[in-house]
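Note sheet for the following structure.
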Amino acid sequence: MNFHSVEQENIEYMNRFLVFLEQRQGVVKQASIEAWKSVQELAARSGGAVISALLPGPADTSRLEELMGGDGVVCHADDEAFRLYTPEGYVHLVMERMAGEGCSALFFADSALARDLAPRLSVRLRASLLSGRLSLSAAGEVAGCTRHVYAASAEATFVPARPISITLLSSGSRASSAIPGGTITIKPHALCGASVDGFSQLAHRIVMRRDARDVAEAGIVVAGGRGMGSEKGFALLDELAELLGGAVGASRAAVDAGWRPHASQIGQTGKSVAPALYIACGISGAIQHLAGIGSAGMVVAINTDMHAPVFDVADYGIVGDVGQVLPRLNDAVREFLKKK
Amino acid sequence: MHLVVCICQVPDTASVIGFADGTIDRSRVNDVINPYDEYALEEALRQKERLVGSTVTVFTAGPPSSGDILRKALAMGADRAFLVSAEPRDPWQSALLLCRAILSVYPEQLPDLLFCGKQSTDFQSGQVPSMLAELLGIASFSGALSLEATSVGVRAEREIEGGSEFAELRYPVLISAEKGLNIPRKISIKGVMEGRKKPLEVVEGSIEEPPCVILRGIVPLERKKRCSFLTDAGELVELLRHELSLSRAGEH
Ligand SMILES: Cc1cc2nc3c(=O)[nH]c(=O)nc-3n(C[C@H](O)[C@H](O)[C@H](O)COP(=O)(O)OP(=O)(O)OC[C@H]3O[C@@H](n4cnc5c(N)ncnc54)[C@H](O)[C@@H]3O)c2cc1C
């Protein structure tokens, strides 16, 4: 504990933040831009930290200033070698930036990449690794990170014990207000280290799905369970998701039946989602499923069984057969959108 | 081939977690193998069956009670098990304890393939696998949905937001297992009998380094809502006006 307070007094060291901007196929991810905004907001509150960003890989930066807002320098490591994520290459790059800028805090938007990379960095930097929503002290300073644990039956707050911290910001921790425009300077990042030695990567590629909407990132999720009856039954949900610009999720029962891909499973052994609206269709609401929707805003359930536990966590419920309710709902949504 | 699997115990996912005085009341929870670790173990057992003469060694860093999950792993088909007796307080301490134990069992050469579950179902940090790989100085691949071992390494696939990522990595490599990698086998009576005869060693895990992250507080979440029942889908759309307009706005 002694050691804890001594190192935290190093104020100069504290006020330099680095935000990692993730690109996928040359496009900077929206989640990363949201993370940048949250960090800007945080810096404004805690009194003028210097914020910079690191963008590895070739990417379109023409609209970046407009999208990001706030002030700071974006170091763009546009080398072809960083197009795809490799732990060794990215670790090298981030370490160089952290040391070069003397940063004490590194932020990522939570993603598959961040979850793979950040633990390695935390070992290298002897940093505290946190994830979730930023939790603020009464004075408005970051006190740590809060997230759901134990199948979303509890919420835990974790605080860093090291002078350097790495934070994976979940989508629930978006900036609350618009960030005022400022000046973003984009400058190329020249690698100063020697070679980026790969451990052992022999080959590497990514393949994107045509419908790339991910349940974990969607603002509206319509999910189906065993009650959808079959793979075909999900057509009604595909239609609804399409209308709403949302994504289709599934219970484990629906995934294990082979009706939907694993990537769409929501729950304890699937994804945690945080949409503004979650519509559960033919899902009973097992504790393992509810574990994944603890951060959802409005919850709607459609189920034939009025005693299904899913209604206990729903704001609105319709007791009925999805085969009858969903076509009517889809029509009503179409009507609504037409009028708008 | 030497195969290593790191597992941990978690409360059974169906058990209701109780709270007393701001901490978790574990008296009513039933501990099981972390579900993701079962995929890890199953995958190691499949590799072992494919390559005659391979061994599967299981490690866990935890309290003495986690000996139970090691017995289960042995009953599933692992060859030997090590209980690193300790109470790690954060993922980094867990990774450090596991790293030291693995290095002491394999002082000359690291095992070719190491497996972990993608994350534990209780705290869901998902940090131990990559931390352990970094501490061991080896390659890793997290959240593997499919895996194929070759003579020089592995080909693995994982899901990324909106797509899939494929990589080929040379041994030694640490893989963290995602649900969907396989369907874990059931434990047979014969397996249980054989498992009892297999070696389970307890080693003292000492750790001087303080944790990097501290759990400051934990509070139960009230999930219950009052559900308003409706009969008509049109009425629902009216009530969801706000959410529905948000969605389309986000699209553009
Ligand atoms: C270790 C572990 C991890 C797990 N992880 C997950 C997870 O990540 N995600 C997950 O979802 N589950 C998970 N489960 C499984 C979970 O316990 C449930 O079995 C599962 O969620 C049930 O899915 P379901 O609601 O689709 O099916 P069911 O429980 O069978 O429910 C079907 C529902 O549909 C309703 N219904 C039937 N027909 C119709 C109709 N025509 N119209 C309207 N409603 C209808 C029924 O009334 C019922 O409520 C896990 C289980 C374990 C043991």
Side-chain angles (χ1 to χ4, degrees), chain A residues 111-112 115-116 119-120 123 128-130 144 149-162 199-209 212 214 217 219-220 244-246 262-263 268-269 276-277 287-288 290 294 298 311-319 325 328-329 332-333 336, chain B residues 13-14 17 35 121-124 126-127 130-131 134-135 138-140 142-143 145 153 158-170 173 179-180 210-221 223-225 227-230 233-234 236-237 239-240 243-248 250-251:
Chain A
S111 71
R115 270 172 264 144
D116 192 77
R120 278 191 182 268
V123 171
S128 298
L129 177 51
L130 304 166
V149 294
Y150 292 110
S153 64
E155 190 168 66
T157 300
F158 299 90
V159 294
R162 304 279 316 158
F199 280 114
S200 48
Q201 196 118 359
L202 297 169
H204 194 188
R205 75 196 154 90
I206 61 173
V207 177
M208 302 307 285
R209 281 193 305 274
D214 192 275
E217 295 179 335
I220 294 190
L244 296 173
H262 172 74
Q268 188 156 38
T269 47
L277 173 63
I287 185 166
Q288 294 96 342
L290 301 184
M298 185 75 78
F311 288 125
D312 293 340
V313 299
D315 298 280
Y316 296 114
I318 294 184
V319 177
V325 178
R328 285 211 300 274
L329 180 61
V333 168
F336 171 79
Chain B
T13 54
I17 308 290
T121 54
D122 50 3
F123 276 72
Q124 297 179 285
Q127 298 172 0
S130 290
M131 282 182 176
E134 181 67 28
L135 288 167
I138 61 171
S140 63
S142 56
L145 256 180
R158 74 168 148 237
E159 200 227 323
I160 52 177
E161 296 77 22
S164 305
E165 183 170 4
F166 301 83
E168 213 174 316
L169 299 149
R170 224 190 288 278
V173 57
K179 171 186 178 272
C212 292
V213 172
I214 294 163
L215 174 61
R216 177 53 55 82
I218 184 162
V219 290
L221 273 181
R223 297 283 304 274
K224 261 199 176 5
K225 291 182 174 174
C227 181
S228 309
F229 284 96
L230 314 171
L236 178 64
V237 168
L239 289 163
L240 295 177
E243 284 72 21
L244 297 184
S245 9
L246 272 183
S247 83
R248 300 308 292 189
E251 271 283 271

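The basis for the numbers below is simple: all heavy atoms, side chains too, and nothing from hydrogens, waters or symmetry mates. Here is how names work: the chains are called A, B, and so on, in the same order as the sequence lines, proteins then strands, and each is numbered from 1.
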Next on the checklist: Tell me the closest heavy-atom pair linking B:Val237 and A:Leu329, and the distance in Å.
Outcome noted: CG2-CD1, 3.7 Å

Checklist entry - Looking only at atom types and distance, does a side-chain atom of A:Arg120 sit under 3.5 Å from a main-chain N or O of B:Leu135, one as donor and one as acceptor? => result no

Next on the checklist: Going by side-chain contact (heavy atoms from CB on, under 4.5 Å), name the residues that satisfy it together with B:Ser228, two or more places apart in sequence or in a different chain.
Outcome noted: A:Tyr316

Item to check | Engaged part of A:Ala263 at the chain B interface, taking heavy atoms whose separation is under 4.5 Å | outcome: both

Next on the checklist: Is A:Glu155 close to chain B through its backbone or its side chain, or both, or neither, when contacts mean heavy atoms under 4.5 Å?
Outcome noted: both

Checklist entry - Do any N or O atoms from the side chain of A:His204 and from the backbone of B:Glu168 form a donor-acceptor pair under 3.5 angstrom? => result no

Item to check | Contact leader toward chain B among A:Ile287, A:Val313, A:Leu277, A:Val319, where contacts are heavy-atom pairs under 4.5 Å | outcome: A:Val313

Next on the checklist: Any donor-acceptor pair under 3.5 Å linking the side-chain atoms of B:Ser164 with those of A:Arg209?
Outcome noted: no

Next on the checklist: Within the 4.5 Å heavy-atom criterion, are B:Lys225 and A:Asp312 side-chain neighbours or not?
Outcome noted: no

Checklist entry - Would you call A:Asp116 and B:Arg158 a salt bridge, taking side-chain N to carboxylate O under 4.0 Å as the test? => result yes

Checklist entry - Stepwise, does the side-chain contact (heavy atoms from CB on, under 4.5 Å) test hold for A:Leu244 with B:Leu244? => result CA-CA 7 Å; A:Leu244 296 173; B:Leu244 297 184; 3.4 Å; yes

Item to check | Derivation of the side-chain contact (heavy atoms from CB on, under 4.5 Å) call for A:Leu129 and B:Met131 | outcome: CA-CA 11 Å; A:Leu129 177 51; B:Met131 282 182 176; 4.1 Å; yes

Checklist entry - Does the side chain of A:Val159 reach to within under 4.5 Å of the side chain of B:Val213, using non-hydrogen atoms? => result no

Checklist entry - Are A:His262 and B:Leu145 side-chain neighbours, meaning at least one heavy-atom pair lies under 4.5 Å? => result yes

Checklist outcome for this item: Applying ring-ring contact (aromatic ring centres under 6.0 Å, His included) to B:Phe229 and not counting sequence neighbours gives A:Phe311

Checklist entry - Between OG of A:Ser111 and CD1 of B:Ile160, what distance do you get to the nearest 0.5 Å? => result 9.5 Å

Checklist outcome for this item: Highest number of heavy-atom pairs under 4.5 Å with chain B among A:Ala332, A:Pro119, A:Ala156, A:Ala112 belongs to A:Pro119

Checklist entry - What do the steps show when you test B:Glu161 against A:Glu217 for side-chain contact (heavy atoms from CB on, under 4.5 Å), and what is the final call? => result CA-CA 8 Å; B:Glu161 296 77 22; A:Glu217 295 179 335; 3.3 Å; yes

Checklist entry - Where do B:Leu215 and A:Thr157 land on the side-chain contact (heavy atoms from CB on, under 4.5 Å) test, with the steps shown first? => result CA-CA 6 Å; B:Leu215 174 61; A:Thr157 300; over 6 Å; no

Next on the checklist: Is it the case that the side chain of A:Gln268 and the backbone of B:Thr121 share a donor-acceptor pair, with hydrogens and angles ignored and the cut-off at 3.5 Å?
Outcome noted: yes

